[in-house]
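Have a look at the structure below, then the notes.
In this text, all values refer to a predicted model and were calculated from it rather than measured experimentally. Values below: every heavy atom of this structure, side chains too, minus hydrogens, waters and symmetry copies.
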Amino acid sequence: MPYWIHSAPADYDGMRECARAGRCSDPRIDTAGGKTTRLPALTPRAFCDSCRGAIARALDALPMLFVRVHMELGGIRGEAGGPVVSVSKSAPVPLSLQADELIRLILATLVSWEERVRTVARLSELDTATSRRRRDGAVLTQAYTILAAHLDALLALEPEPMIRDGELVELGGADAGLDVLYLAWRCEALLTETTKAARHLGGIPCQCGFCELYEVLVDGQFAGAKCRQCGADYTAETYKDLTDEQAAPIKKTGARRRGVLVAAGDDIDARRA
């Protein structure tokens, strides 16, 4: 929320661009100079409703993703009767240092936002000293429970100083939402859950005349199409309008296939109806 909201200019309507910027799930299409550009949706909050839903889904997916990442650490699962191997007395290194780093990042990030939410929601303060002695699963479960129950409060947080990478920076609700999406993406990337290639929407020509439309996916959901010939962008709504517009002439004329019976006006010699 702008700091001047109580003395806002006359043309201020309380709307601002979605904090996901170019990855907004419900973009606006702006046409200028013959080119189309995707712009973030306008919203009175940090995120539009569509992106808020994406953040909620990412947060709900984090507990299971966390468990799967934890499994990537490996473990001691020796077989009885196996060969005797001498080992160092020092602590063993995790099989996946990337998984270990990601686990620490998830816990540190979620707990930092949990502390902020507890303050604004007037919940009991988190005992940092005690929380450090808890198991990873307990830390994640409690942080997820608090954040999921107060998601709107989380996304509405005002910017305040927080520690990130050893530095003090101003972070608010928009940063919290982006953190949740980033953590889910990091988990999926580690687990090699790569997204599928864009599907070619064959048979639907763009307004430029070429059938080079490919679907645009946001968070795995259909969000429109993009022409690889002219670069035109379509939202899910404008793509539907395009398909309806192309289907309208066929429906209007009532064109349909006819049988082999000869009808008046047919060219019998050329065998053309």
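Grouping the Ile, Leu, Val, Met, Phe, Trp and Tyr side chains by contacts below 4.5 angstrom, directly or via other members, places Leu39 apart from Ile29.
For the 3.5 Å distance criterion, the side chains of Ser112 and Thr109 fail to qualify, holding no donor opposite an acceptor. No side-chain donor-acceptor contact under 3.5 Å links Thr37 and Arg28. Using modelled atom types and a 3.5 Å distance limit, the side chains of Tyr234 and Asp241 yield no donor-acceptor pair.
Counting only heavy atoms from C-beta outward, the side chains of Arg104 and Asp136 approach each other to under 4.5 Å. Counting heavy atoms from C-beta on, the side chains of Cys211 and Cys206 never come closer than 4.5 Å. Contact of the Leu242 side chain with the Gln207 side chain is registered, since non-hydrogen atoms from C-beta on lie closer than 4.5 Å. Gln98 is not listed as a side-chain neighbour of Leu102, based on a closest heavy-atom distance of 4.5 Å or more. Side-chain contact check for Thr43 versus Asp49: every heavy-atom pair is 4.5 Å or farther apart. For the pair Arg52 and Arg20, the minimum side-chain heavy-atom distance is 4.5 Å or more. Under the 4.5 Å side-chain criterion, counting only non-hydrogen atoms from C-beta, Phe210 is not in contact with Arg228. No side-chain heavy atom of Pro40 sits less than 4.5 Å from a side-chain heavy atom of Pro27.
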(message) Show, in sequence, the C-alpha distance, side-chain angles and deciding distance for Tyr214 and Lys226, and conclude whether the side-chain contact (heavy atoms from CB on, under 4.5 Å) test is met.
(response) CA-CA 5 Å; Tyr214 285 77; Lys226 183 177 181 66; 5.8 Å; no
(request) Would you please test Arg23 and Leu178 for side-chain contact (heavy atoms from CB on, under 4.5 Å) and show each step? (result) CA-CA 11 Å; Arg23 292 193 59 81; Leu178 296 177; over 6 Å; no
(request) Go through the steps for Arg38 and Val216 under the test side-chain contact (heavy atoms from CB on, under 4.5 Å), then give the verdict. (result) CA-CA 11 Å; Arg38 285 176 174 261; Val216 174; 3.8 Å; yes
(message) What verdict does the side-chain contact (heavy atoms from CB on, under 4.5 Å) test give for Leu201 and Tyr239, after you've listed the backbone C-alpha separation in whole Å, the side-chain angles of each residue and the deciding distance to 0.1 Å?
(response) CA-CA 11 Å; Leu201 303 173; Tyr239 175 74; 3.6 Å; yes
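Of all non-hydrogen atoms in Phe47 and Cys18, the two that sit nearest each other are CA-SG, 3.9 Å. Across Ala184 and Ala58, no two heavy atoms sit closer than the pair CB-CB, 3.9 Å. For Gly177 against Ile55, the heavy-atom pair with the smallest separation is CA-CD1, 3.8 Å. Scanning all heavy atoms of the two residues, the minimum distance from Cys187 to Ile106 falls at SG-CD1, 3.6 Å. Annotation for Leu59 and Val180: closest pair N-CG1, 3.7 Å, computed over non-hydrogen atoms. Between Val120 and Ala153, the shortest heavy-atom distance links the atoms CG2-CB, 4.5 Å.
To the nearest 0.5 angstrom, Ile103 atom CD1 is 10.0 Å from Glu101 atom CD. If you take CG on Leu155 and CG on Asp175, they are separated by 11.0 Å, rounding to the nearest 0.5 Å. Rounded to the nearest 0.5 angstrom, Leu147 CG and Asp60 CG are separated by 11.0 Å. How far CG of Leu97 is from CD of Glu72: 13.0 Å, rounded to the nearest 0.5 Å. We find the CG-CE distance between Leu157 and Met162 to be 8.5 Å, quoted to the nearest 0.5 Å. Between atom CG of residue Asp26 and atom OG1 of residue Thr235 there is a gap of 7.5 Å, rounded to the nearest 0.5 Å.
A donor-acceptor pair is defined here as one N or O able to donate and one able to accept, closer than 3.5 Å; no such pair exists between the side chain of Arg199 and the backbone of Glu215. Checking side-chain atoms of Arg16 against main-chain N and O of Leu42 turns up no donor-acceptor pair under 3.5 Å. Side chain of Thr243 to backbone of Lys240: a donor-acceptor contact under 3.5 angstrom is found. Of the possible donor and acceptor atoms, one in the side chain of His150 sits under 3.5 Å from a partner among the backbone N and O of Ile146. Without hydrogens or angle criteria, Arg116 side chain to Glu158 main chain gives a donor-acceptor distance under 3.5 Å.
The side chain to side chain donor-acceptor pair (under 3.5 Å) check on Thr145 picks up nothing, with sequence neighbours excluded.
Between Glu114 and Arg118 there is a salt bridge, with a side-chain nitrogen of the basic residue lying less than 4.0 Å from a carboxylate oxygen of the acidic one.
In Ile163, the CD1 atom is not crowded: 12 or fewer heavy atoms of neighbouring residues, nucleotides or ligands sit closer than 6.0 Å. Heavy-atom contacts from other residues, nucleotides or ligands closer than 6.0 Å to CD of Glu167 number 12 or fewer.
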